[in-house]
Protein chains: 2
Amino acid sequence: MGLSKGARKVLKVLARRGASEVLWARGRGSARFSDLGAVLRLSPRTLAERLRELHLMGFVDRRAYAEVPPRVEYSLTPRGKRVLEFLMELDRVVETLEEVR
Amino acid sequence: MGLSKGARKVLKVLARRGASEVLWARGRGSARFSDLGAVLRLSPRTLAERLRELHLMGFVDRRAYAEVPPRVEYSLTPRGKRVLEFLMELDRVVETLEEVR
DNA sequence: CAGGATCCCTACGGATACTG
DNA sequence: CAGTATCCGTAGGGATCCTG
(Lines give C-alpha, C1' and ligand atoms only; values in the text may rest on other atoms or scores of the structure.)
Protein backbone atom coordinates (compact mmCIF):
# COMPACT_ATOMS: atom_id res chain seq x y z
CA MET A 1 0.00 0.00 0.00
CA GLY A 2 2.90 2.33 -0.69
CA LEU A 3 6.62 2.51 -1.00
CA SER A 4 8.49 0.20 1.33
CA LYS A 5 10.14 1.88 4.27
CA GLY A 6 13.57 1.08 2.89
CA ALA A 7 12.75 2.55 -0.49
CA ARG A 8 11.49 5.74 1.10
CA LYS A 9 14.70 6.02 3.05
CA VAL A 10 16.81 5.54 -0.06
CA LEU A 11 14.72 8.10 -1.89
CA LYS A 12 15.20 10.65 0.84
CA VAL A 13 18.94 10.18 1.03
CA LEU A 14 19.32 10.39 -2.74
CA ALA A 15 17.36 13.63 -2.84
CA ARG A 16 19.67 15.41 -0.41
CA ARG A 17 22.13 17.90 -1.74
CA GLY A 18 25.07 16.26 -3.50
CA ALA A 19 24.03 12.66 -2.89
CA SER A 20 23.29 11.65 -6.45
CA GLU A 21 26.24 13.71 -7.63
CA VAL A 22 28.62 11.82 -5.40
CA LEU A 23 27.40 8.50 -6.78
CA TRP A 24 27.51 9.77 -10.32
CA ALA A 25 31.00 11.19 -9.90
CA ARG A 26 32.15 7.87 -8.50
CA GLY A 27 30.78 5.97 -11.47
CA ARG A 28 34.28 4.88 -12.27
CA GLY A 29 37.25 4.85 -9.98
CA SER A 30 37.60 6.45 -6.58
CA ALA A 31 38.33 9.94 -5.45
CA ARG A 32 39.56 11.84 -2.47
CA PHE A 33 37.51 13.93 -0.13
CA SER A 34 38.87 17.25 -1.30
CA ASP A 35 38.56 16.35 -4.98
CA LEU A 36 34.90 15.57 -4.54
CA GLY A 37 34.40 18.80 -2.67
CA ALA A 38 36.02 20.79 -5.44
CA VAL A 39 34.13 19.12 -8.26
CA LEU A 40 30.74 19.08 -6.58
CA ARG A 41 31.00 22.48 -4.90
CA LEU A 42 30.00 21.15 -1.52
CA SER A 43 31.05 22.54 1.82
CA PRO A 44 33.19 20.06 3.76
CA ARG A 45 30.46 19.87 6.34
CA THR A 46 27.86 18.75 3.85
CA LEU A 47 30.20 16.50 1.91
CA ALA A 48 31.28 14.66 5.04
CA GLU A 49 27.69 14.21 6.09
CA ARG A 50 26.64 12.96 2.67
CA LEU A 51 29.54 10.51 2.43
CA ARG A 52 28.76 9.21 5.89
CA GLU A 53 25.14 8.58 4.91
CA LEU A 54 26.05 6.93 1.64
CA HIS A 55 28.60 4.81 3.44
CA LEU A 56 26.09 3.79 6.10
CA MET A 57 23.69 2.69 3.38
CA GLY A 58 26.50 0.68 1.86
CA PHE A 59 26.68 2.67 -1.36
CA VAL A 60 30.22 3.97 -1.05
CA ASP A 61 33.41 2.48 0.30
CA ARG A 62 35.79 4.47 2.43
CA ARG A 63 39.49 3.72 2.46
CA ALA A 64 41.79 5.77 4.66
CA TYR A 65 45.55 5.71 4.19
CA ALA A 66 47.82 6.23 7.19
CA GLU A 67 49.90 9.00 5.66
CA VAL A 68 50.78 12.57 6.38
CA PRO A 69 48.97 14.48 5.13
CA PRO A 70 46.04 12.09 5.42
CA ARG A 71 44.38 10.65 2.35
CA VAL A 72 40.93 9.12 2.17
CA GLU A 73 39.45 7.65 -0.96
CA TYR A 74 35.85 6.90 -1.70
CA SER A 75 34.53 4.47 -4.26
CA LEU A 76 31.24 2.84 -5.22
CA THR A 77 30.27 -0.51 -3.81
CA PRO A 78 28.30 -3.00 -5.93
CA ARG A 79 25.19 -1.75 -4.15
CA GLY A 80 26.18 1.79 -5.00
CA LYS A 81 26.57 0.85 -8.62
CA ARG A 82 23.12 -0.67 -8.63
CA VAL A 83 21.70 2.56 -7.22
CA LEU A 84 23.62 4.59 -9.77
CA GLU A 85 22.02 2.55 -12.53
CA PHE A 86 18.70 3.39 -10.98
CA LEU A 87 19.50 7.09 -11.07
CA MET A 88 20.41 6.82 -14.72
CA GLU A 89 17.08 5.15 -15.26
CA LEU A 90 15.46 8.16 -13.61
CA ASP A 91 17.09 10.38 -16.17
CA ARG A 92 15.60 8.30 -18.97
CA VAL A 93 12.18 8.31 -17.33
CA VAL A 94 12.18 12.08 -17.00
CA GLU A 95 13.10 12.34 -20.66
CA THR A 96 10.19 10.18 -21.69
CA LEU A 97 7.89 12.31 -19.55
CA GLU A 98 8.28 15.05 -22.12
CA GLU A 99 6.56 12.78 -24.59
CA VAL A 100 3.80 11.77 -22.21
CA ARG A 101 1.59 14.80 -22.53
CA MET B 1 28.16 14.65 -15.80
CA GLY B 2 25.30 14.08 -13.38
CA LEU B 3 21.58 13.87 -13.10
CA SER B 4 19.71 16.24 -15.37
CA LYS B 5 18.23 19.25 -13.70
CA GLY B 6 14.73 17.99 -14.37
CA ALA B 7 15.47 14.61 -12.86
CA ARG B 8 16.89 16.21 -9.75
CA LYS B 9 13.76 18.27 -9.40
CA VAL B 10 11.53 15.21 -9.73
CA LEU B 11 13.66 13.35 -7.22
CA LYS B 12 13.34 16.15 -4.73
CA VAL B 13 9.58 16.46 -5.06
CA LEU B 14 9.10 12.71 -4.76
CA ALA B 15 11.16 12.63 -1.60
CA ARG B 16 9.00 15.15 0.21
CA ARG B 17 6.54 13.94 2.79
CA GLY B 18 3.53 12.27 1.27
CA ALA B 19 4.45 12.78 -2.36
CA SER B 20 5.05 9.17 -3.33
CA GLU B 21 2.13 8.13 -1.13
CA VAL B 22 -0.24 10.39 -3.01
CA LEU B 23 0.84 8.90 -6.32
CA TRP B 24 0.65 5.39 -4.97
CA ALA B 25 -2.77 5.94 -3.45
CA ARG B 26 -4.01 7.30 -6.76
CA GLY B 27 -2.77 4.25 -8.63
CA ARG B 28 -6.34 3.54 -9.62
CA GLY B 29 -9.24 5.95 -9.61
CA SER B 30 -9.42 9.36 -8.08
CA ALA B 31 -10.00 10.61 -4.58
CA ARG B 32 -11.09 13.68 -2.72
CA PHE B 33 -8.91 15.95 -0.72
CA SER B 34 -10.22 14.91 2.68
CA ASP B 35 -10.03 11.20 1.83
CA LEU B 36 -6.39 11.52 0.91
CA GLY B 37 -5.72 13.44 4.09
CA ALA B 38 -7.38 10.77 6.20
CA VAL B 39 -5.63 7.85 4.53
CA LEU B 40 -2.19 9.40 4.34
CA ARG B 41 -2.27 11.16 7.70
CA LEU B 42 -1.19 14.49 6.27
CA SER B 43 -2.11 17.88 7.63
CA PRO B 44 -4.25 19.88 5.19
CA ARG B 45 -1.42 22.34 4.85
CA THR B 46 1.05 19.71 3.71
CA LEU B 47 -1.45 17.83 1.58
CA ALA B 48 -2.47 20.97 -0.29
CA GLU B 49 1.15 21.88 -0.90
CA ARG B 50 2.02 18.40 -2.09
CA LEU B 51 -0.96 18.22 -4.44
CA ARG B 52 -0.11 21.62 -5.85
CA GLU B 53 3.46 20.53 -6.57
CA LEU B 54 2.40 17.24 -8.11
CA HIS B 55 -0.16 19.08 -10.19
CA LEU B 56 2.40 21.62 -11.35
CA MET B 57 4.66 18.81 -12.46
CA GLY B 58 1.76 17.33 -14.35
CA PHE B 59 1.55 14.17 -12.29
CA VAL B 60 -1.95 14.63 -10.89
CA ASP B 61 -5.11 16.03 -12.31
CA ARG B 62 -7.41 18.26 -10.30
CA ARG B 63 -11.12 18.38 -10.97
CA ALA B 64 -13.32 20.69 -8.91
CA TYR B 65 -17.09 20.33 -8.86
CA ALA B 66 -19.26 23.40 -8.34
CA GLU B 67 -21.27 21.98 -5.51
CA VAL B 68 -22.04 22.80 -1.93
CA PRO B 69 -20.24 21.54 -0.03
CA PRO B 70 -17.36 21.69 -2.49
CA ARG B 71 -15.83 18.57 -3.91
CA VAL B 72 -12.44 18.24 -5.54
CA GLU B 73 -11.08 15.05 -6.95
CA TYR B 74 -7.51 14.18 -7.78
CA SER B 75 -6.34 11.54 -10.20
CA LEU B 76 -3.14 10.44 -11.88
CA THR B 77 -2.22 11.74 -15.29
CA PRO B 78 -0.39 9.53 -17.81
CA ARG B 79 2.79 11.25 -16.69
CA GLY B 80 1.88 10.50 -13.10
CA LYS B 81 1.35 6.86 -13.95
CA ARG B 82 4.75 6.71 -15.56
CA VAL B 83 6.31 8.14 -12.42
CA LEU B 84 4.39 5.70 -10.27
CA GLU B 85 5.82 2.84 -12.30
CA PHE B 86 9.22 4.30 -11.62
CA LEU B 87 8.54 4.33 -7.89
CA MET B 88 7.51 0.70 -8.04
CA GLU B 89 10.77 0.00 -9.81
CA LEU B 90 12.54 1.68 -6.90
CA ASP B 91 10.90 -0.80 -4.57
CA ARG B 92 12.26 -3.65 -6.64
CA VAL B 93 15.72 -2.12 -6.77
CA VAL B 94 15.83 -1.73 -3.01
CA GLU B 95 14.83 -5.36 -2.65
CA THR B 96 17.64 -6.53 -4.88
CA LEU B 97 20.06 -4.43 -2.85
CA GLU B 98 19.63 -6.90 -0.04
CA GLU B 99 21.21 -9.51 -2.30
CA VAL B 100 24.05 -7.26 -3.40
CA ARG B 101 26.30 -7.65 -0.39
C1' DC C 1 44.27 17.00 4.10
C1' DA C 2 40.03 15.18 6.18
C1' DG C 3 36.90 16.29 8.81
C1' DG C 4 34.49 18.14 13.52
C1' DA C 5 32.44 22.24 16.06
C1' DT C 6 29.90 26.31 16.00
C1' DC C 7 26.87 29.92 14.30
C1' DC C 8 23.16 31.11 11.61
C1' DC C 9 19.74 31.35 8.08
C1' DT C 10 16.20 28.91 5.28
C1' DA C 11 12.99 25.21 4.16
C1' DC C 12 9.88 21.79 5.65
C1' DG C 13 5.91 20.43 8.02
C1' DG C 14 2.57 19.93 12.20
C1' DA C 15 -1.33 22.28 14.90
C1' DT C 16 -4.78 25.40 15.02
C1' DA C 17 -8.03 28.76 13.46
C1' DC C 18 -10.44 30.86 9.74
C1' DT C 19 -13.16 31.37 5.09
C1' DG C 20 -15.58 30.79 0.37
C1' DC D 1 -15.59 20.43 2.27
C1' DA D 2 -11.31 22.31 0.50
C1' DG D 3 -8.34 24.78 1.31
C1' DT D 4 -5.50 29.34 3.32
C1' DA D 5 -3.21 31.98 7.16
C1' DT D 6 -0.49 31.99 11.16
C1' DC D 7 2.61 30.34 14.64
C1' DC D 8 6.31 27.57 15.69
C1' DG D 9 9.57 23.74 16.26
C1' DT D 10 12.98 20.83 13.67
C1' DA D 11 16.11 19.61 9.88
C1' DG D 12 19.22 20.86 6.10
C1' DG D 13 23.16 23.18 4.68
C1' DG D 14 26.62 27.29 4.03
C1' DA D 15 30.63 29.89 6.22
C1' DT D 16 34.16 29.96 9.28
C1' DC D 17 37.43 28.31 12.52
C1' DC D 18 39.86 24.45 14.66
C1' DT D 19 42.56 19.92 15.05
C1' DG D 20 44.75 15.16 14.43
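Within every chain, numbering begins at 1; the chains are lettered A, B, ... in the order of the sequence lines, protein sequences first and strands thereafter. Predicted model, so just to flag it, every value in this text is computed and none were measured.
- Taking 4.0 angstrom as the limit, B:R45 places none of its side-chain polar atoms (N or O) nearer than this to OP1 or OP2 of D:dT4.
- Residue A:S34 places its side chain closer to C:dC1 than to any other of D:dA2, C:dC1, D:dG3.
- The pair A:E49-A:R16 meets the salt-bridge criterion, since a charged nitrogen lies less than 4.0 angstrom from a carboxylate oxygen.
- Nearest nucleotide to the B:L42 side chain, out of C:dG14, C:dG3, D:dC1: C:dG14.
- For C:dG13, the OP1/OP2 oxygens have a side-chain nitrogen or oxygen of B:R16 closer than 4.0 Å.
- A heavy atom closer than 4.0 Å to some atom of DNA chain D occurs in B:R52, B:R62, B:P69, these being the qualifying members of residues 49-69 of chain B.
- Recorded end-axis angle for the helix from C:dC1-D:dG20 to C:dG20-D:dC1 stands at 40°, based on five pairs per end and rounded to 10 degrees.
- Distances shown here put every side-chain N or O of B:S43 at or beyond 4.0 Å from the OP1 or OP2 atom of C:dG13.
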- Message: B:L11 vs A:L11, test: side-chain contact (heavy atoms from CB on, under 4.5 Å). Steps then yes/no.
- Response: CA-CA 8 Å; B:L11 190 60; A:L11 189 60; 3.7 Å; yes
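- The pair A:R50-A:E21 does not count as a salt bridge, with every side-chain nitrogen at least 4.0 angstrom from each carboxylate oxygen.
- Side chain of B:T77 to backbone of B:G58: a donor-acceptor contact under 3.5 angstrom is found.
- With rounding to whole Å, B:L40 atom CG is found 15 Å from C:dG13 atom C1'.
- Comparing D:dT4, D:dC1, C:dC1 by their closest approach to the side chain of B:A48 singles out D:dT4.
- The B:P70 side chain lies nearest to D:dC1 when the options are C:dG3, D:dG20, D:dC1.
- One finds a salt bridge joining B:R92 and B:E89 here, because a Lys/Arg side-chain nitrogen approaches an Asp/Glu carboxylate oxygen to under 4.0 Å.
- If you chain together hydrophobic residues whose side chains sit under 4.5 Å apart, B:V100 and A:F86 never meet in one group.
- Closest contact between the side chain of A:R17 and the listed nucleotides D:dT6, D:dG13, C:dC12 involves D:dG13.
- B:R79 forms no cation-pi arrangement with B:F59, by the criterion of a distance under 6.0 Å to the ring centre and an angle within 45° of the ring axis.
- Salt-bridge formation is detected for the pair B:E85/B:R82: a Lys NZ or Arg NE/NH1/NH2 atom is positioned less than 4.0 Å from an Asp or Glu carboxylate oxygen.
- A sub-4.0 Å separation between OP1 or OP2 of C:dG14 and a side-chain N or O of B:T46 is present.
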- Item | Stepwise side-chain contact (heavy atoms from CB on, under 4.5 Å) test for A:V22 and A:Y74 | CA-CA 9 Å; A:V22 166; A:Y74 292 89; over 6 Å; no
